[in-house]
Amino acid sequence: MSSLPAKARAVIIGGGISGCSVAYHLAKLGWTDIVLLERKQLTSGTTWHAAGLIGQLRASQNMTRLAKYSADLYVKLEAETEVATGMRQVGSITVALTEERKHEIYRQASLARAFDVDVREISPREVKEMYPHLNIEDVVGAVHLPLDGQCDPANIAMALAKGARQRGAKIVENVKVTEVLKKNGRVTGVTWAQGEEHGMIETDVVINCAGMWARDLAGTSGVTVPLHACEHFYLVTEAIEGLGRLPVLRVPDECAYYKEDAGKMMLGAFEPVAKPWGMNGISEDFCFDQLQEDFEHFEPILEMGVNRMPMLGTAGIHTFFNGPESFTPDDRYYLGEAPELGGYWVAAGYNSIGIVSSGGAGMALAQWINDGEAPFDLWEVDIRRAQPFQKNRRYLKERVSETLGLLYADHFPYRQMATSRNVRRSPIHEHMKARGAVFGEVAGWERANWFAKEGQEREYRYSWKRQNWFENQRDEHLAVRNNVGLFDMTSFGKIRIEGRDALAFLQRLCANQLDVEPGRIVYTQMLNNRGGIESDLTITRLSDTAFFAVVPGATLQRDLAWMRNHLKDEFVVITDVTAGESVLCLMGPKSRELIQKISPNDFSNEGNPFGTAREIEIGMGLARAHRVTYVGELGWELYVSTDQTAHVFETIEEAGKDLGLKLCGLHTLDSCRIEKAFRHFGHDITDEDHVLEAGLGFAVKADKGDFIGRDAVLRKKDTGHDRRLVQFRLSDTEPLLFHNEAIVRDGKIVGTITSGNYGHYLGGAIGLGYVPSKGESAEQVLASGYEIEIAGVRVKAEASLRPMYDPKAERVRM
Ligand SMILES: NCCCC(=O)O
C-alpha cells in the first residue's frame, strides 16, 4: 500500500476513540510521523455504539483529574476541528436511594471539588425541579454537576482523528496488523496486510489500542492484557413529546443511566450478573456489528426504569441495543508500557467508560511515551499491575461477569470480588481458613484480611461506617501492640538479584547504600529522574554477589520490569522467587520470647540487631529470619521454603498458646502501619511523589555516589520542599478515613488523604496526605488548623510530621 510509510516513530493499532486520542495527543506533542492502523473502519468496534456520557464524578483523584481533562477537551474540540462532536454540557445528576449511596456520592463530590470540578449536593426537591419526569419518592440525596455532559462518541473520535491528521499523523483504515516484530526484548516494527497486499513498518513504539481485541493481539507478542468483552444493553425510546433538554441521570441503585437525545430517552444498564461474550475469540469480520437482543436479561432493569420514569411505560421502543464492550478484572483500564516488551504500550480495557476516559488517558499516555515517565501517578490504571495468570480465559470470563455490574454497585471500602477467587494461595491457606480467616484478594493472592471469632459469620458486611470486623481488627491490633501477633505475608513479591555486577547495579537503582555487610537489610526506594518513587522495598544482602528484594505483591511485575529495563551490559540475573518462599511475620513485644522457644538461635539485640537477617533453625526446619517490621514493633519476618511452611506455622502456633499469640489479618497490618506513619506504595508514595517530600530522606544516601534520581534529590535539597506528607488523627473518634478525603487547611481544601485506617491504639481515624509547604518550616506547616472533609462534613484533625505512634522508634529496637 503505497500510502503507508516504511518507517514511523510510532504505530497505533486500533481506530476507536482510544487510538484516535493517543494519535491526537502524540501529534500535539510534535510526533508527526506516526501511523494509526485500523483493521476495518474507525470506531467500528465499540466506540460507535457507546452512550457518550461525560461524567466527572469518579472514585479517585487521578480518575477525576483525567475525566475533567476529557470534558474540557471535548468542549473545545468542535471549534478546533470543525467536526460536530455533539458535545452538550447538559449537566448530570446522580441520585441515591440509600443512605450508604448518598454517603458515597457525597464523598465523590468532596473529592471532585478538590480538583475544581463544579459539583453540588442537591435535595430530592431540586432533583424534581431539574428532572420533572422522575419519581423521587425514595430518593434520599443527589449530586449535580452542571458541566458534565453527553456527546456523539463516534464524532468525538473522528474529531480527534482529524486533529491528529491536521498535525501530520497518518490514519489508515482496512489495514490489519499481522505481527509486532521484536528483537532483544524491544519492539522493532509491525507487519501489516490489506487484502493480498502485505508490508512492514519499522518502529520502536507500538501502542495497542485494539479494544476488545487487545488481549489476543497482545498475546501474540507475549504481552499480558487481561480483558474480556461483555454484552452491554440499552434501549432508546421513540420520540417523547415535550421531553425537553434534560441532564444525564444516573440511578446506580437501580443499575441504570438515562440520557435524553433528540427528544428520545436512552436507558442503559450495568446489571449485577453480566453476560461475557466472545469466549472463543472475536470474529475478524466484526464491523459495526450488534449482538442478539435478550429482553429477559434486560427486563428487571426496564421494570425499575418504568417505575422511576413512568413515561417509559407508554413510550414506544425505537431500539433495543446490545453491543460488546471490554471489561477488566478490577474495573480499571490499562495504560502504560507492557513489562514484557520494551516499546509495547497499551491503552485499552475501558469498562464502558471509554469515552470519558479516552481524552485524559490519551493525553497521559502520549506524555508518558514522549518523556519516558508517567506525567503523574497512574498506578491505578498501570498495565504493570496485571498478573500473567490473569490472561486465563476462564478466570476472565467469570470475573467480568461481575465487574460490569460493579460499575454502578456501591463502592464500599474493602469490597472484595466474589468471582474468580482462590487462584493463588499460601501453603497455610487451609490452616488460616480453619482458624476463622476471612479472605481478601490482591494480585490473585488470597490473604487473611481478618479473623472471625467462634460463631461469628465469616462474611463482610459492607458499609461506609464501621464494618462488622471493626472489633476483630481492634483485638488483633492491640495484640500486636501489647503481646504478639502472626501475619501470613506470603503474597510479598520476592526477587533475587545475583551476579558479579549485582551490587553496582543496585547501587545505581537504589537511593540507599547497598554496599553493606552480608546479612544486612536495607530499606530503600528506587527513584525516577524527578526523584519520584518507582518502588519501595527492602533489600537483604545475602552474600557478596547475591541480594534478596521484598516488594508488595501488587507491585511485583512493576518492580521486576523496572529492574530489567535498567539492566545494561551487566552480569546480573534477576529471578522472581515469590512462589518459593512463604513469609510468616511474628510481631509484637512478646515475639522474641516466642521465637526463642522454638529456635536455638540468638535473637538478642546484640546477636541479631534490628535490620539483620540470617538463617535459623525453627522447629525441625529452617527459615531466614529478617528482623524488620511494617507494624512498628519488635518482630521477625520469617522466610520459609514453601514445603516447610505448614510445619513452621504449626510450631509457632503451639509455642504461642501460652503467650496469647493471635492470628492477624491484613486490615490489622494496615491499621498498625498507619499509626506508625509507614508509607504505602501506590497511595502515600508514588512515582509522582518526591522521596524527600514523602519524608523518606533518612533512606537516601546522596553521598554514596551516583544513582537514578540523585540530581533531583540534590535539587530538592537546594530549593526546599513544595509539599510534605503529614499524618492526621481525627479528633472525633467516630468517623473513618479510607483515602481520597479532602484535606482542609485553615478553611481551604489543599489536598487529599492518600491512605487512611483506624488507629486502635491511638484512638481515632488516622490518615496520611500531602499539604503544600513551599517556603515553610515544619512548625509553620503544623501551626495551621486542619480539618478533613468526609462526605461534605468537616472534622477537626491533629497533624504531625513525626509518627504519632512511637516517634523515637524505641519499640522496634526493644
Ligand atoms: N457507557 C455508559 C457510561 C456510563 C456512565 O458514564 O455512567
Side-chain angles (χ1 to χ4, degrees), residues 16-18 43 45-60 63-64 66-68 70-71 74 86-96 101 104-105 108-109 112 117 119 142-145 147-154 156-157 211-212 227 229-236 246-261 265-272 274 277 290-291 298 301 305 308 319 321-328 331-333 348-361 400 403-411:
I17 190 166
S18 175
T43 79
T46 295
T47 302
W48 72 278
H49 63 70
L53 311 188
I54 309 299
Q56 301 167 86
L57 204 63
R58 297 288 152 206
S60 72
M63 293 307 101
T64 308
L66 291 177
K68 181 171 189 317
S70 297
Y74 297 167
M87 180 68 192
R88 291 195 291 146
Q89 283 179 296
V90 291
S92 81
I93 298 172
T94 300
V95 302
R101 178 73 72 174
E104 178 179 339
I105 62 176
Q108 290 177 332
V117 174
V119 55
V143 293
H144 177 227
L145 289 92
L147 299 182
D148 269 6
Q150 61 191 58
C151 65
D152 176 340
I156 292 274
M212 57 192 175
L227 57 79
C230 277
E231 302 185 26
H232 176 51
F233 299 89
Y234 59 75
L235 65 77
V236 181
L246 290 168
V248 167
L249 173 72
R250 294 180 179 84
V251 190
D253 294 310
E254 292 176 343
C255 317
Y257 60 86
Y258 298 82
K259 173 180 102 164
E260 174 277 319
D261 200 4
M265 282 306 299
M266 172 193 262
L267 162 61
F270 294 106
E271 67 280 15
W277 177 82
Q290 301 187 22
L291 308 181
F298 194 75
I301 307 286
R308 187 65 43 210
T319 312
F321 187 85
N322 178 10
E325 296 190 336
S326 306
F327 289 85
T328 64
D331 247 355
R332 289 184 264 132
Y333 55 88
Y350 282 100
N351 301 292
S352 202
I353 50 164
I355 308 306
V356 66
S357 302
S358 285
V400 298
T403 56
L404 178 143
L406 289 182
L407 210 65
Y408 277 12
D410 289 278
H411 300 107

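Nothing fancy with the numbering, it's 1 onward along the sequence. Just follow the structure's listing: the first ligand is 1, and inside any ligand the first atom is 1. The structure displayed is predicted, hence computed values, not measured ones.
The protein heavy-atom contact nearest to atom 6 (O) of ligand 1 is Arg250 NH2, 3.0 Å.
Residues Gln108 and Val143 are not in side-chain contact: their nearest non-hydrogen atoms beyond the backbone lie 4.5 Å or more apart.
Checked options Ile301, Leu407, Leu404; the residue passing with Cys255 is Ile301 (criterion: side chain to side chain contact (heavy atoms under 4.5 Å, CB included)). A side-chain hydrogen bond (donor to acceptor under 3.5 Å, both in side chains) with Asn322 is found for exactly one of Gln290, His232, Glu231, His49, namely Glu231.
Here's the thing with Tyr408: one of its N/O atoms is less than 3.5 angstrom from an N/O atom of ligand 1. In terms of polar-atom proximity, defined here as any N/O pair under 3.5 Å, Arg58 makes no such contact with ligand 1.
Using a 4.0 angstrom heavy-atom cutoff, Ser352 counts as in contact with ligand 1.
The contact set between ligand 1 and Tyr257, taken as ligand atoms under 4.0 Å from a residue heavy atom, comprises 2 (C). Interface of Leu53 with ligand 1, defined as ligand atoms under 4.0 Å from a residue heavy atom, comprises 4 (C), 5 (C), 6 (O).
The proximity of Glu325 to ligand 1, defined as any non-hydrogen pair under 4.0 Å, does not occur for either the backbone or the side chain.
Ring pair Tyr234/Phe321 is parallel by interplanar angle, where below 30° counts as parallel and above 60° as perpendicular. Ring geometry for Tyr333 against Tyr350 counts as tilted: the plane angle lies between 30° and 60°, on a 0 to 90° scale.
Within the 3.5 Å criterion, the main-chain N or O of Gly52 finds no donor-acceptor partner in the side chain of Asp152.
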